[in-house]
Amino acid sequence: MLKRFDKRNFIFLFLFTAFFGYLFLTGEPVYVGDTFQYENQMIMREPVYALLMQLCRFITPQNQYWLIILLQNILAVAANTFVLAFMRKRFRLNMGVSLLFVGLLLAPHIMTPLFASTHLTLTNALMTEGILFSLYPMTFVCLLDMMWSERPVSKKSFGTLAFFLLLSLIRGQMMVLFVVWFLVAYFLVVKNAVAKTRRMQEHKNTFVLAENIGKQGLVPILTAFVLAFAARSMIIHVYNYCEQGLFVDTVSGKAMSFANVLYVADREDGEAITDDGLRGLFYEMHDLADADQMNYRYAPSGILGRAAYHETCHDELNFTYFGVPAKRYVEETQGLNTDHYQELMLAVDEVAASLSSALMPQVIGRYVVNYIDVIVLGFIRTVAYETVFLAWYSVFIYMAAVILTILLWRRGNKSMAASFMAVVLLTIVGNVCATALMIQCISRYMIYNLPLFYMAGFLELREMIQERHGLQDGI
């Protein structure tokens, strides 16, 4: 991808080294709520980060946490330097713009300690974000390189999908990248097929176009797409079997998503549950939550207010108002307790699935309204912070991005900046909408795409200005 390394990139290597070196030397490993689950290889978590912790524990049991954050900060230096070198080469960035892009790449690492509720230094935290915020932009530029090569069936294409598979084995949220990869590859297939059909002077013949779409690689990319999901599932099943003796996929997703159902449920909705035991369990959960106002009825007015209220309720609904009674219910009905914790959590997840399927038809209207509130907040947090002023700013900046992309494409489909922004917007939509189905859209889940969005937006503005100057100068 980068055949010749511009020596000036060593300047940015130094800047990134200074920044992340400072974070490492002045900070310390931050043990968070998720860390325990990873270091004990629990079935609620994906395997890669847990295996990284195992490896570091094997190398140095006494200093394993320090080794992890050292590796995380080194990865951040290497990945961000790689991304910037790629951007500089592709878009011929001068020193000033390159320094701006340095700031954009560092934005998540600055914003999270200052503005997020957790105040975490990402590369010092013992959780998946410690490596994902570095790997994500690096793999994203691999997708851009694949797209600009205009070859959907190639080493670059399948290599990018393999990178996305790795990311999905770190955090399930990243599975949305499989869909993004497929849509980009499918677009390239259709684009190449249309071009070939026109060269054959058969552009009005839909049968020839369909044949050319097949010849351009539709079957291979569809096969690879399906295999990526299958491979991820099999790897996780084998990992959980080796670690815990359970041939199962990652669990806890159903419980997390049920918290959203419980939040919008009314007591009378429980009449739809046919099983007496589950109905009684739901009434208990609902009554306890309602007594503490953990319900949509107590939310303030306004989209941002409702979304913020849901966010304060979600984890408590999941871990306390659902989790505690559900574990007791499983122990009473199946004899599973904390001595068999992994099996217990698997059974709890199935309880959540049963309750969700029974209640969803009753709550679907309120669920959709709440879902829209949550994704609105997710879109805002992807590019800004959740204040009323910045909410309107977010509407403006998204509209500007869409309009600029359309204008640049109307002038010809060769604009790399426009295609960059189109893929970023597609990924933002996927990330926000998929995350909101499972959990709340907190900042650290959303800002993966923040640097990429502003990079693409700046490049679109620059391209638009350059084109106008070119017209005025007669170039």
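Values below: all heavy atoms of this structure, side chains included; hydrogens, waters and symmetry mates excluded. None of these values were measured; they are calculated from a predicted model.
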Quiz: residues 216-224 side-chain donor-acceptor pairs under 3.5 angstrom, not counting sequence neighbours:
unit_1 : atom_1 : unit_2 : atom_2 : d
Thr223 : OG1    : Val219 : O      : 2.8

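Atom CZ of Phe16 is surrounded by more than 12 heavy atoms from other residues, nucleotides or ligands within 6.0 Å. The 12-atom threshold is exceeded at OH of Tyr298, counting heavy atoms of other residues, nucleotides or ligands nearer than 6.0 Å. The number of heavy-atom neighbours closer than 6.0 Å to CZ of Arg297, taken from other residues, nucleotides and ligands shown, is above 12. Counted within 6.0 Å of OH on Tyr398, heavy atoms from surrounding residues, nucleotides or ligands total more than 12; the atom is thus considered enclosed. By the 6.0 Å contact criterion, CZ on Phe36 is open, its count of non-hydrogen atoms from other residues, nucleotides or ligands being 12 or less. Within a 6.0 Å radius of CZ in Phe229, more than 12 heavy atoms belonging to other residues, nucleotides or ligands are found. Dense packing is recorded around CZ of Arg90, with more than 12 heavy atoms of other residues, nucleotides or ligands lying under 6.0 Å away. Taking a 6.0 Å sphere around CE of Met95, one finds it holds more than 12 heavy atoms contributed by other residues, nucleotides or ligands.
Between the side chains of Gln173 and Asn431, a donor-acceptor pair is found at a separation under 3.5 Å. Counting only N and O atoms by type, the side chains of Ser419 and Trp148 include a donor and acceptor under 3.5 Å apart. A donor-acceptor pair shorter than 3.5 Å cannot be found between the side chains of Gln72 and Ser134. Side-chain atoms of Ser168 and Glu46 form no donor-acceptor pair, as typed in the model, at a separation below 3.5 Å. Judged purely by distance below 3.5 Å, without hydrogens or angles, the side chains of Arg88 and Ser98 pair a donor atom with an acceptor atom. Remark: the Asp249 side chain and the Asn240 side chain contain no N/O donor-acceptor pair separated by less than 3.5 Å.
The closest side-chain heavy-atom distance from Phe319 to Met256 is not below 4.5 Å. Considering only heavy atoms from C-beta on, Met175 stays 4.5 Å or farther from Phe164 through its side chain. Between Met464 and Leu461, every side-chain heavy-atom pair lies at or beyond the 4.5 Å cut-off. The shortest side-chain heavy-atom distance between Pro451 and Pro137 does not fall under the 4.5 Å cut-off. For the pair Tyr49/Arg171, no side-chain contact is recorded, criterion being any heavy-atom separation below 4.5 Å from C-beta on. Counting heavy atoms from C-beta on, the side chains of Trp181 and Phe158 come closer than 4.5 Å. The shortest distance between side-chain heavy atoms of Phe420 and Glu460 does not fall below 4.5 Å. Between Leu404 and Met421 the shortest side-chain heavy-atom distance does not fall below 4.5 Å.
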Worked verdict on Tyr136 versus Asn449 for side chain to side chain donor-acceptor pair (under 3.5 Å): CA-CA 9 Å; Tyr136 183 87; Asn449 292 297; 2.6 Å; yes
Intermediate values then yes/no, ring pair (Phe, Tyr, Trp, His ring centres under 6.0 Å), Phe133 and Tyr448: CA-CA 6 Å; Phe133 273 93; Tyr448 287 101; 4.2 Å; yes
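Under 4.0 Å is where a charged nitrogen must lie from a carboxylate oxygen, and between Glu39 and Arg45 no such pair does.
Listed by chain and number, the residues in a side-chain contact (heavy atoms from CB on, under 4.5 Å) with Met360 are Val261, Val363, Ile364, Tyr367 (sequence neighbours excluded). Among residues two or more places apart in sequence or in another chain, the side-chain contact (heavy atoms from CB on, under 4.5 Å) test is passed with Asp373 by Ile303, Arg306, Ala307, Val369.
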